[in-house]
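For reference, the structure is listed below as structure tokens.
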Number of protein chains: 4
Amino acid sequence: MNKRQIKQRDHAIQIREAAEKLFAKRGFYPTTMDDIAREAKLAKGTIYLYFDNKEDLFFSAIENKLDALLARIREAVKEPLSPAQRIKLTIGIHLKFLEENRDCFKIMQSFPEQLKEKLERKLKGRVIERQSQYIKIIDRLIQEAIRKGEVRPLDSRKLAVVLMGIAHSLTVYWISKKEKGSLSEDESLAWEIFWEGARRKV
Amino acid sequence: MNKRQIKQRDHAIQIREAAEKLFAKRGFYPTTMDDIAREAKLAKGTIYLYFDNKEDLFFSAIENKLDALLARIREAVKEPLSPAQRIKLTIGIHLKFLEENRDCFKIMQSFPEQLKEKLERKLKGRVIERQSQYIKIIDRLIQEAIRKGEVRPLDSRKLAVVLMGIAHSLTVYWISKKEKGSLSEDESLAWEIFWEGARRKV
Amino acid sequence: MNKRQIKQRDHAIQIREAAEKLFAKRGFYPTTMDDIAREAKLAKGTIYLYFDNKEDLFFSAIENKLDALLARIREAVKEPLSPAQRIKLTIGIHLKFLEENRDCFKIMQSFPEQLKEKLERKLKGRVIERQSQYIKIIDRLIQEAIRKGEVRPLDSRKLAVVLMGIAHSLTVYWISKKEKGSLSEDESLAWEIFWEGARRKV
Amino acid sequence: MNKRQIKQRDHAIQIREAAEKLFAKRGFYPTTMDDIAREAKLAKGTIYLYFDNKEDLFFSAIENKLDALLARIREAVKEPLSPAQRIKLTIGIHLKFLEENRDCFKIMQSFPEQLKEKLERKLKGRVIERQSQYIKIIDRLIQEAIRKGEVRPLDSRKLAVVLMGIAHSLTVYWISKKEKGSLSEDESLAWEIFWEGARRKV
DNA sequence: AATGAATGAGTCTTCATTCAT
DNA sequence: GATGAATGAAGACTCATTCAT
């Protein structure tokens, strides 16, 4: 990879990072392409060399983050541990990710309803798909735990959803408290409630 | 109250309902005042007789719904039941409300990050306050349950947040499944996981 | 004239006075019919019972003032005095009028260029005509003074214009000084300069 | 200066000239940004690249003209002539300027009362200041003439105001006659009346 | 490849005027 | 006659996107 190519890749990254930051802080509509160009220290026209349009940039930014999260989770799930422990590990990774990417998280939860219907049809799928991949991983972990008799035989998909909801809600609370303390500290609380709530009673 | 007065009140309601519907479906920015006027079957200028501007209308719509929910919850909490039963009742009401107002629910979760900072400062408080009132009610129920030894002595506010998160996540899931089945059916699942997860072990 | 008729006339006057006040203070466009209705303590629709539209009201207000001025001047001109003295008297009346109606004066000088061309054609004439009547009276006084050899044989119309200009400019200056002192005091200055400047040298 | 820069400067000028013309012809409110864009043969959005908003454009247009006039006057005042001659020169320049910029002149006299109070506070000062600079120059010339005993010891500022008023009124008259003849021809009339009216009698 | 000036469709908001009561 | 709610045309301003340099 020569200098020029590096520079090119850099520009795409620069832009995506600027976009991530601003979309996260202000949401989709209030963020202008001018803002992003200024933040990226590039000309406005340059953005269009790397991204089709504003929506494309928006979804690219989110996808990028979600891919990073998915990659980390997939790594964790491979560990040779019991389902319970792997679930706990996953929650930990999830909370740590949200803590590190609090802004991005704010978009992720809100975006699906943000865009005009025409855009939705074209683009929402790109993110939805990743979100459901994520749920699927948790789902499979829970299915395994159910098979092993560690968890009661409930709807595993719904349990996965509930687990995500617990993590999610604690994050929102943490953000609303202006992010005092560490989000990761809530890992055991999330885990405890979910596990006690879901596990098979003796 | 004469005919004219009735008509007036009706118009404010017509507009708010149109706004609720469209803001819920499309979010704040993609919804235009023209859209709302058309939906309400009134002229655009008429909206401005009843609401200061788009933001005011947006928040009025949300407030209205949240007030209705709060009123229902406050009624339920008065019942002469055990904390556990009242918490269960509350979840039921919450899910039923979300089921009946699925659209509005979509805005409620996303709005905080939707608006330009200047607007936020002025107006977000109006909704935030109602949201926290809601959490406070649940919080107090849980505190009571902790005092009575029914729930482990954890951070009651966080438990309230988790309970809401569970209800919330099941709603999102239900919506994502295109709303097949009844959301209320998930009441016992939400309740079971939360209560088993939080209650004092013998 | 019965009670009802008195009341009606009162309403037209109320409205015109409110209009005079507000048009004078803010100019034509920034003054709204709502403002005028509020100031007149009548309903907006009532204005349209007495005036065709906003322009009509505007010109009616100005005409009314100009008619009052013209009446006073015509009275003065009848006095059995020398042209010089009658001109001096006229300047005095003019300055006193402007002092009493400083706001109205502000509109009078600016209005001709204020309105869309379509309106201009229809309505400007109404005021222009009165303005030129006013100049005509001064013109005739000066012609008389020229005939009597008191004033040099210059273009009498231009001299009339210059005289008005002197009075006008001193008024603007007086207003710009936030109306300290009495405008009438400038009567002798205006008179002196004009008369010394115009009269026949011995 | 490359082609692009030339083009840019041109555009700002094109816009200002279009604005000057239209504001002058129709006044502030009846002139729309669309009109100006059409007149300037540029897109509406382009105006906002060079001017903050309509008010800014309005005042920029006036300021520009007044600056040109001030520059010409300042040059004339430097001439090694008697005060009387320099005053005469100044009137000549003033009338010539008004003749060349008859439209702009129309705005200048009317603008102060044209704008909503909020705008006035922010922006009127920009023009008022230039107007008073102009009066100050004439004022100083007259003071000098008084010191030299050429003019009677009257209030020099008021004399300056009167002189401007004479020039001004002749311009209005010339415009009202649909601009027949040359305004500059009135130079000697204006001068004669003012000077005879103001000078020290032997 | 990079730039940023230019574009103009799209939006909120105002306000003169009408008309049912 | 009096009212004031309703109307909708009109206008300032924004901003994603294009394209000549």
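Chain A is the first sequence line, chain B the second, and so forth, proteins listed ahead of strands; every chain is numbered from 1. The figures here come from the full heavy-atom set of this structure, side chains too, leaving out hydrogens, waters and symmetry mates. Remember, it's a predicted structure, so these values are computed and weren't measured experimentally.
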Practice prompt. For DNA chain F, produce a single dot-bracket line, 5' to 3'. Pairs: Watson-Crick or G-U wobble, both distances under 3.5 Å. Symbols: ( ) within strand, [ ] crossing, | other strand, . unpaired.
Written response: .||||||||||||||||||||
Item to complete: Nearest whole angstrom, please: distance from the C1' of F:dG4 to the CD1 of C:I36.
Response: 16 Å
Worksheet entry | Distance, rounded to the nearest Å, where B:F51 contributes CZ and E:dC12 contributes C1' | 16 Å
Fill in: With sequence neighbours excluded, residues passing side-chain contact (heavy atoms from CB on, under 4.5 Å) with D:Y48
D:M33
Discussion item. Using the side chain to side chain contact (heavy atoms under 4.5 Å, CB included) definition, which of the options D:E39, D:R26, D:K21 pairs with D:T31?
Written reply: D:R26
Practice prompt. Return the value, rounded to whole Å, for the distance between atom CD of B:Q14 and atom P of F:dA6.
Written response: 9 Å
Item to complete: Using side-chain hydrogen bond (donor to acceptor under 3.5 Å, both in side chains) as the criterion, list what pairs up with C:K44, not counting sequence neighbours.
Response: C:D34
Fill in: Aromatic ring pairing C:F28/C:F58, orientation class (parallel under 30°, perpendicular over 60°, tilted between)
perpendicular
Worksheet item: In terms of the nearest nucleotide of DNA chain F, which residue is placed more toward the 5' end: D:D34 or A:T32?
Response: D:D34
Item to complete: Let me know the distance between NZ of D:K54 and P of F:dA10, rounded to the nearest Å.
Response: 15 Å
Worksheet item: D:Y29 OH to F:dA12 P: how many Å, rounded?
Response: 11 Å
Worksheet entry | Shortest side-chain distance from C:M33, nucleotide among F:dT17, F:dA12, E:dA16 | E:dA16
Worksheet entry | Side-chain N,O (D:Y50) to OP1/OP2 (E:dA5) below 4.0 Å | no
Practice prompt. Kindly write out the residues that satisfy side-chain hydrogen bond (donor to acceptor under 3.5 Å, both in side chains) with B:N64, not counting sequence neighbours, or none if the list is empty.
Written response: none
Worksheet item: When you check the phosphate oxygens OP1 and OP2 of F:dA2, does a side-chain N or O of C:H11 lie under 4.0 Å from one of them?
Response: yes
Discussion item. In whole Å, I'd like the distance from the CZ atom of B:R26 to the C1' atom of E:dT11.
Written reply: 14 Å
Item to complete: List in numerical order all residues of residues 40-49 of chain D for which some heavy atom is under 4.0 Å away from an atom belonging to DNA chain E.
Response: D:L42, D:A43, D:K44, D:G45, D:T46, D:L49
Worksheet, complete the sentence: Between C:D52 and B:T31, whichever has its closest DNA chain E nucleotide further toward 5' is B:T31
